[in-house]
Amino acid sequence: MKRFLALALALIMTLSLAACGGSKAPDSNGGDAASAPVSDDTAAPAPSGEVTHIKLEMATLMTVPSTEATKTVENVINDYLKNTLGETEYVLDLSIIPIADLFTTVPMELAGGAGPDLVMLFDNMPSFVDQGFLIPLDPYMDNELKPTADMIGNIMNNGKINGSVYMVPRYFGTVLDWKFIYNNDLVKDVYDMTKVHDMDSLEECLAALKTAYPDEHFLVYTDQFYQINKFMTHTAQVGTYAATENDSTTLVNFYATDAYHAACQKAYDFRQKGYCDPEGSANTLTHDEAVMSGSSKGVIMGHSAEADAIGDMFDKMNYYGADFEAVTIAIGDLTNDGCGIGISYSCKNPSAAARFINLLYCDEFIWDTLIYGAEGQDYVWNADHTVCEYPEGMDANTIPYNCMYSCGIIGNGFQGLPFENSNTGSNSEYGMELMKNAWEPPLYGFTPSNANVLNESAAVANVVSQYEDVLNFGDVDPDAGTYQQFLNDLEAAGINTIIADYQAQADAWLTANK
């Protein structure tokens with residue numbers, strides 16, 4: 001659970017800051033497998049004339065809006081569905097939940113048959129499929145979901161398991177431009193930042209900064225190093241524990257790859273040289289909190305926006321008056337993406353649910369209202385209807401409804417309201433260009449199932465939780481025995497059994513997708 005929540009926080013905060021906002025809206029007023037429910041793939045639609053209630057529990061990292069504010073947004077959406085789109089078969093039942101509930105409350109609701117009809121997914125699609133919580137979406141791909149499928153193309157493969165679609169993946173800037181973002185007031189007279197373009201040249205820069213400012217550190221943490229190393233070496237994770245290297249389709253233990261080992265070594269080396277936050281994994285501040293407060297004078301983060309936009313964003317968001325700039329040190333690859341939305345096995349009208357999912361991707365008014373709230377209550381247009389502002393006296397923290405940090409999980413994140421003085425650093429065109437030009441791993445779109453290796457997966461997850469923080473944050477010297485013990489414990493827990501099972505699934509997937 002701690003791992004899922006940390007992942008949720010890091011990923012959504014990073015990506016939401018990168019890809020929400022920018023275009024104009026339409027001018028319109030758990031349990032285990034043994035106790036899993038049985039999925040009804042042929043759930044019948046509601047009787048003719050009956051209005052179906054499609055329940056969506058929308059997760060947010062922000063303060064959960066009041067019931068009244070959420071009801072206003074729900075009413076605006078339902079009015080649009082009926083009076084603009086002519087949809088009379090269903091209405092939306094909207095509730096907003098904390099992000100933690102995606103991994104706690106929602107699985108329990110689904111297990112009891114009382115969960116949401118539309119299920120937000122965050123790397124838990126395989127386990128939800130194993131437990132029978134989701135129905136296959138194949139019957140709706142050529143009709144209700146066809147516009148979305150046509151738009152996102154091969155990204156749809158991220159929602160497939162064993163040849164069937166269970167999730168519509170988000171359409172989002174998931175290929176990131178990884179940058180070193182720094183306090184330019186301190187750096188500009190010490191080092192020529194045009195020399196920095198990768199991790200090796202960044203190390204030279206950090207050494208110079210440490211000499212000039214021995215009591216400062218210019219990196220918060222080192223836990224992103226393995227991500228950057230993956231992209232630099234085209235090492236692609238498959239189902240967390242396995243990986244491919246370059247164009248090979250042979251799966252290997254990800255933690256045994258040169259990319260991961262080298263990242264652990266560099267993390268420890270940087271910690272020893274004082275480049276990073278000295279507390280490492282013991283520090284409870286997020287990357288954002290540390291750099292915005294000035295606790296650290298620099299940070300490595302990935303965004304689907306250009307360097308200048310991110311520098312401007314950090315200028316606006318830091319609260320000690322620093323001037324920030326950014327420089328690219330790596331560009332990401334296409335990666336298997338576990339974020340998206342599916343339909344519950346208990347949904348009474350999956351066709352209607354599929355139609356609403358399609359609107360999340362293809363109807364900007366629905367998307368903007370769900371993410372930003374209701375016009376008048378949560379935002380207002382300027383006089384010429386080109387830019388949005390917060391109502392007088394309010395901001396993002398005080399408006400009644402705001403789910404901006406949910407845009408990183410579902411839907412079409414390349415659309416959004418054009419807010420004045422936006423702090424998102426957003427650039428949809430740049431994000432799309434990054435995705436278009438990114439390297440595609442040989443198993444891109446393949447998602448393995450753990451159905452045959454549930455015991456081994458649980459055991460390996462336990463081992464990873466014991467070692468990954470101390471290695472990723474550079475708390476220990478990996479070559480003093482810890483790293484090798486990690487690999488030994490992974491083998492004892494059954495990681496080779498998992499990889500062999502994944503390999504059989506991957507070979508079948510490759511045959512089916514030739």
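No experiment lies behind these values; they were computed from the predicted model shown. The figures here come from the full heavy-atom set of this structure, side chains too, leaving out hydrogens, waters and symmetry mates.
Counting heavy atoms from C-beta outward, Q224 and I300 have side chains that approach closer than 4.5 Å. Using a 4.5 Å cut-off on side-chain heavy atoms (C-beta onward), N412 and L360 make no contact. Using a 4.5 Å heavy-atom cutoff, the side chains of I181 and V291 are not in contact. Here the side chains of L145 and V168 are in contact, with some heavy-atom distance below 4.5 Å. Residues L206 and Y191 have side chains not in contact (no heavy-atom distance under 4.5 Å, counting atoms from C-beta outward). Looking at D475 and R271, their side chains come closer than 4.5 Å, going by heavy atoms from C-beta outward. At a threshold of 4.5 Å between non-hydrogen side-chain atoms, the residues W178 and T328 do not count as touching. In this structure, the side chains of M432 and M435 stay at 4.5 Å or more apart for every pair of heavy atoms.
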Stepwise ring pair (Phe, Tyr, Trp, His ring centres under 6.0 Å) test for Y390 and Y379: CA-CA 5 Å; Y390 294 115; Y379 69 90; 9.0 Å; no

Test side chain to side chain donor-acceptor pair (under 3.5 Å) applied to S449 and D130, step by step: CA-CA 8 Å; S449 168; D130 291 342; 3.1 Å; yes

Full working for side chain to side chain contact (heavy atoms under 4.5 Å, CB included) between I341 and L121: CA-CA 6 Å; I341 191 165; L121 298 162; 6.0 Å; no

Evaluation steps, ring pair (Phe, Tyr, Trp, His ring centres under 6.0 Å), between Y444 and F446: CA-CA 6 Å; Y444 175 66; F446 164 67; over 10 Å; no

Working for side chain to side chain donor-acceptor pair (under 3.5 Å), residues T194 and D192: CA-CA 6 Å; T194 63; D192 178 6; 2.7 Å; yes

Chi angles and distances behind the side chain to side chain contact (heavy atoms under 4.5 Å, CB included) call for D223, H287: CA-CA 10 Å; D223 60 322; H287 291 79; 3.2 Å; yes

N472 and T222: CA distance, side-chain angles, deciding distance, side chain to side chain contact (heavy atoms under 4.5 Å, CB included) verdict: CA-CA 6 Å; N472 292 348; T222 62; 5.9 Å; no

Evaluation steps, salt bridge (charged side-chain N to carboxylate O under 4.0 Å, His left out), between K316 and D312: CA-CA 6 Å; K316 296 173 183 176; D312 290 343; over 6 Å; no

Derivation and outcome, side chain to side chain donor-acceptor pair (under 3.5 Å), residues D368 and Q415: CA-CA 8 Å; D368 287 341; Q415 54 193 357; over 6 Å; no

Intermediate values then yes/no, side chain to side chain contact (heavy atoms under 4.5 Å, CB included), T257 and E245: CA-CA 9 Å; T257 62; E245 296 176 292; 3.9 Å; yes

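Here the straight-line distance linking atom CD1 of I498 with atom CD of Q503 works out to 14.0 Å at 0.5 Å rounding. Rounded to the nearest 0.5 angstrom, C205 SG and D200 CG are separated by 13.0 Å. For the atom pair CG of D185 and NZ of K297, the computed distance is 11.0 Å after rounding to the nearest 0.5 Å. Between the CD1 atom of I228 and the NZ atom of K266 there is a distance of 10.5 Å, given to the nearest 0.5 Å. Note that the CE atom of M199 and the CE atom of M232 stand 7.5 Å from one another [nearest 0.5 Å].
The closest donor-acceptor contact from the side chain of E325 to the backbone of V187 lies at 3.5 Å or more, if one exists at all. Checked by atom type and distance alone, the side chain of K179 pairs as donor or acceptor with a backbone atom of A305 at under 3.5 Å. The closest donor-acceptor contact from the side chain of T286 to the backbone of E289 lies under 3.5 Å. Between the side chain of D378 and the backbone N or O of G373, no donor-acceptor pair lies under 3.5 Å. For the pair S465 (side chain) and N462 (backbone), a donor-acceptor distance under 3.5 Å is present. A distance-only check finds a donor-acceptor pair linking the side chain of K210 to the backbone of E216 [under 3.5 Å]. N402 places a side-chain N or O within donor-acceptor distance of the main-chain N or O of A396, the cut-off being under 3.5 Å. Side chain of N318 to main chain of G321: a donor-acceptor pair is present (N/O by atom type, distance under 3.5 Å, no hydrogens or angles). Judged by distance alone, with hydrogens and angles left aside, the side-chain atoms of E491 form no donor-acceptor pair with the main-chain N or O of N488 at under 3.5 Å. Proximity of a side-chain donor or acceptor of Y166 to a complementary backbone N or O of V129 within less than 3.5 Å is not detected.
No donor-acceptor contact under 3.5 angstrom links the side chains of S293 and S295, judged on distance only. Looking at Y320 and N183, their side chains do bring a donor and an acceptor atom within 3.5 Å of each other. No hydrogens or angles considered: nothing links the side chains of N336 and Q237 as a donor-acceptor pair under 3.5 Å. Checked by atom type, the side-chain pair D198/S201 shows a donor-acceptor distance below 3.5 Å. Looking only at atom types and distance, the side chain of D333 has a donor-acceptor partner in the side chain of H234 under 3.5 Å away. Remark: the D477 side chain and the T482 side chain contain no N/O donor-acceptor pair separated by less than 3.5 Å. No hydrogens or angles considered: nothing links the side chains of D277 and S296 as a donor-acceptor pair under 3.5 Å. Under the 3.5 Å distance criterion, with hydrogens and angles disregarded, no donor-acceptor pair is assigned to the side chains of S164 and N162. Defined by atom type and a distance below 3.5 Å, a donor-acceptor pair is present between the side-chain atoms of D489 and Y467. In this structure, a donor-acceptor pair under 3.5 Å is absent between the side chains of D337 and T174.
The ring pair (Phe, Tyr, Trp, His ring centres under 6.0 Å) with F128 is formed by just one residue from the set F133, F122, F103; it is F133. Each of T497, N450, D507 was scored for a side-chain hydrogen bond (donor to acceptor under 3.5 Å, both in side chains) with Y502, with one residue passing: N450.
Within 6.0 Å of CG on D308 lie no more than 12 heavy atoms contributed by other residues, nucleotides or ligands. At most 12 heavy atoms of other shown residues, nucleotides or ligands fall within 6.0 angstrom of atom CG in D258.
With sequence neighbours excluded, the residues forming a side-chain hydrogen bond (donor to acceptor under 3.5 Å, both in side chains) with N452 are D501, listed by chain and number. Judged as a side-chain contact (heavy atoms from CB on, under 4.5 Å), and not counting sequence neighbours, the contacts of K273 are E203, D269, Y275.
Residues F270 and Y268 place their aromatic rings such that the two centres sit no closer than 6.0 Å. For Y255 and Y260, the distance between ring centers is under 6.0 angstrom. A ring-centre distance under 6.0 Å is found for F473 and Y221.
Residues L434 and S304 approach most closely at CD1-CA, 4.0 Å, considering heavy atoms.
Taking the six-membered ring for Trp and thresholds of 30 and 60 degrees, F314 and F324 have ring planes inclined between 30 and 60 degrees apart.
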